[in-house]
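Every number for a ligand or one of its atoms is a count from 1 in the order of the listing.
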Amino acid sequence: MKLVNINEARELLLHGEVVGIPTETVYGLAGWIKSDEGLRKIFSTKERPFFDPLIVHIDTIEKAKSLTSEWTPLHEVLARACWPGPLTLIAKKNDLTNPLITSGLDSVGLRCPNHSATLELLSQIEGGLAAPSANKFGKTSPTSAAHVYDEFKEDVPILDGGACEVGIESTVAGIEKTDEGWKVLIYRPGFFTAQFLQQILKENGISSDVLYAESPVAPGQLKHHYMPNIPLIIIAETTGWTKARPIIEKKLGREISQPAFWTLANDAVIASRELYENLRQFSANGHDLILIQRNSKHSGEEWKGIWNRLTKAKTFELDESLNIVE
Ligand code: TXA
Ligand code: MG
């Protein structure tokens, strides 16, 4: 593993290289926003299509604002309350933001990660670092330096910052103007829930709604994502393996001999911390299928981010009537 310290990471980034960096959510594959070479290398290393916009990591609200042309009171309130932390705010960009980052959109995603090593690195870098999760496009996200190494081997130097605390990617929130005023739209659910963000706004005298919605512009939210190397099948709470097995085998066109039965932790904070590590372990331990059951205890808003990832990571789902849902 090619491990680097903060100074070495900085030098590499300023010279157009990419570096694996720790954050509280997942490891990022970082490139300097002022280096076209670094930004292009993110896409080529990840095999990521150019139409999927990157988010920019910064260590201060000032740096975030310097990349935008409109910073509303909602941006300010949410950034002050949630940064450093797992919230990405979408804002109108200005001309300083490289179009390679935004895939030609007129907005940019901004986030201040809550990790001491990366905050230190960011404080020593002009502008900021673009960083998607450090995995091949569509695959399971990394929550440790070892995961980044598994994905890219010696091609990507890594700043090791230990295991990620949160474990799933940041909540992505956009702020839109409507006839009735501003509203916040969550394009990707994560640790910070709609209810929590709404509460923060309310405490600051802003009564805007916070709603879950698909992003109208960013096609990054593809149907399949985060996928492990073996099929992940979700079954209904009322369906057992014996009933599900013949249907799954028929659909996959082969027999299953080593299924892994995956039970999530009862606490959503722990379940999300372990999510990607579990997905990787099951794939690596000689299993030929991962089976996970829906659970009515796992239905609160704090579970939304987890089920969002599992639903995208699945090969298919069997509903209560044993119908296949892809
Ligand atoms: O926690 C995280 O956010 C991690 C760590 C490394 O910070 N990063 C991450 O990046 O998950 P990535 O590229 O895998 O996901 C960024 C998401 C994508 O779904 C993308 O479509 C969306 O943010 N996004 C980026 N810019 C956007 C924009 N201008 N408008 C709407 N969505 C945007
Ligand atoms: Mg990703």
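- Residues Ser296 and Ser299 come closest through the heavy atom pair O-OG, 2.8 Å.
- Within 6.0 Å of CD on Glu203 lie more than 12 heavy atoms contributed by other residues, nucleotides or ligands.
- Between the Mg ion (ligand 2) and Ser141 there is no N/O/S contact shorter than 2.8 Å.
- For the pair Lys93 and ligand 1, no heavy-atom separation below 4.0 Å is found.
- The heavy atom nearest to atom 8 (N) of ligand 1, considering only Ile55, Thr102, Thr171, Leu129, is found in Ile55.
- Shown in contact with Gly28 at under 4.0 Å from a heavy atom are these atoms of ligand 1, numbered in order with element: 6 (C).
- Checked against a 3.5 angstrom limit, the closest N/O atoms of Thr25 and ligand 1 fall inside it.
- Which parts of ligand 1 touch Ser107 is read off a 4.0 Å heavy-atom cut-off, strictly below it: atoms 28 (C), 29 (N), 30 (N).
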Exercise. Can you list the steps and then say if Lys297 with Glu237 is a salt bridge (charged side-chain N to carboxylate O under 4.0 Å, His left out)?
Worked result: CA-CA 10 Å; Lys297 282 192 228 128; Glu237 194 161 13; over 6 Å; no
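- In terms of polar-atom proximity, defined here as any N/O pair under 3.5 Å, Arg48 does make such a contact with ligand 1.
- Polar contact check, Ser170 against ligand 1: a nitrogen or oxygen pair lies under 3.5 Å apart.
- Among residues two or more places apart in sequence or in another chain, the side chain to side chain contact (heavy atoms under 4.5 Å, CB included) test is passed with Leu211 by Lys183, Leu185, Asp209.
- Atoms CD and CD1, from Gln281 and Ile290 in turn, are 10.5 Å apart once rounded to the nearest 0.5 Å.
- With respect to the salt-bridge test (charged N to carboxylate O, under 4.0 angstrom), the residues Glu151 and Lys139 do not qualify.
- Annotation for ligand 1: atoms under 4.0 Å from non-hydrogen atoms of Glu169 are 1 (O), 2 (C), 11 (O).
- Shown here for Pro157 and Leu12, the closest heavy-atom pair between the two residues is CG-CD1, 3.7 Å.
- Distances below 4.0 Å separate heavy atoms of Leu105 from the following atoms of ligand 1: 28 (C), 29 (N).
- An N or O contact shorter than 3.5 Å links Arg188 to ligand 1 by distance.
- In summary, Arg111 and Glu169 do not engage in a salt bridge, as defined by a charged side-chain N under 4.0 Å from a carboxylate O.
- Around atom 24 (N) of ligand 1, the closest heavy atom drawn from Gly190, Pro53, Gly109 belongs to Pro53.
- Atoms of ligand 1 lying under 4.0 Å from any heavy atom of Asp52, numbered from 1 in the order shown and given with element: 20 (C), 21 (O).
- In this structure, Lys153 is positioned above the aromatic face of Tyr149, its NZ or CZ under 6.0 Å from the six-membered ring centre and within 45° of the axis.
- Look at Ser133 and you'll find a heavy atom under 4.0 Å from some atom of ligand 1.
- For the pair Lys2 and Glu8, the salt-bridge criterion is not met [side-chain N within less than 4.0 Å of a carboxylate O].
- Only backbone heavy atoms of Ala131 (N, CA, C or O) come within less than 4.0 Å of ligand 1; its side chain stays farther off.
- Near His57, meaning under 4.0 Å from one of its heavy atoms, ligand 1 places the atoms 5 (C), 6 (C), 7 (O).
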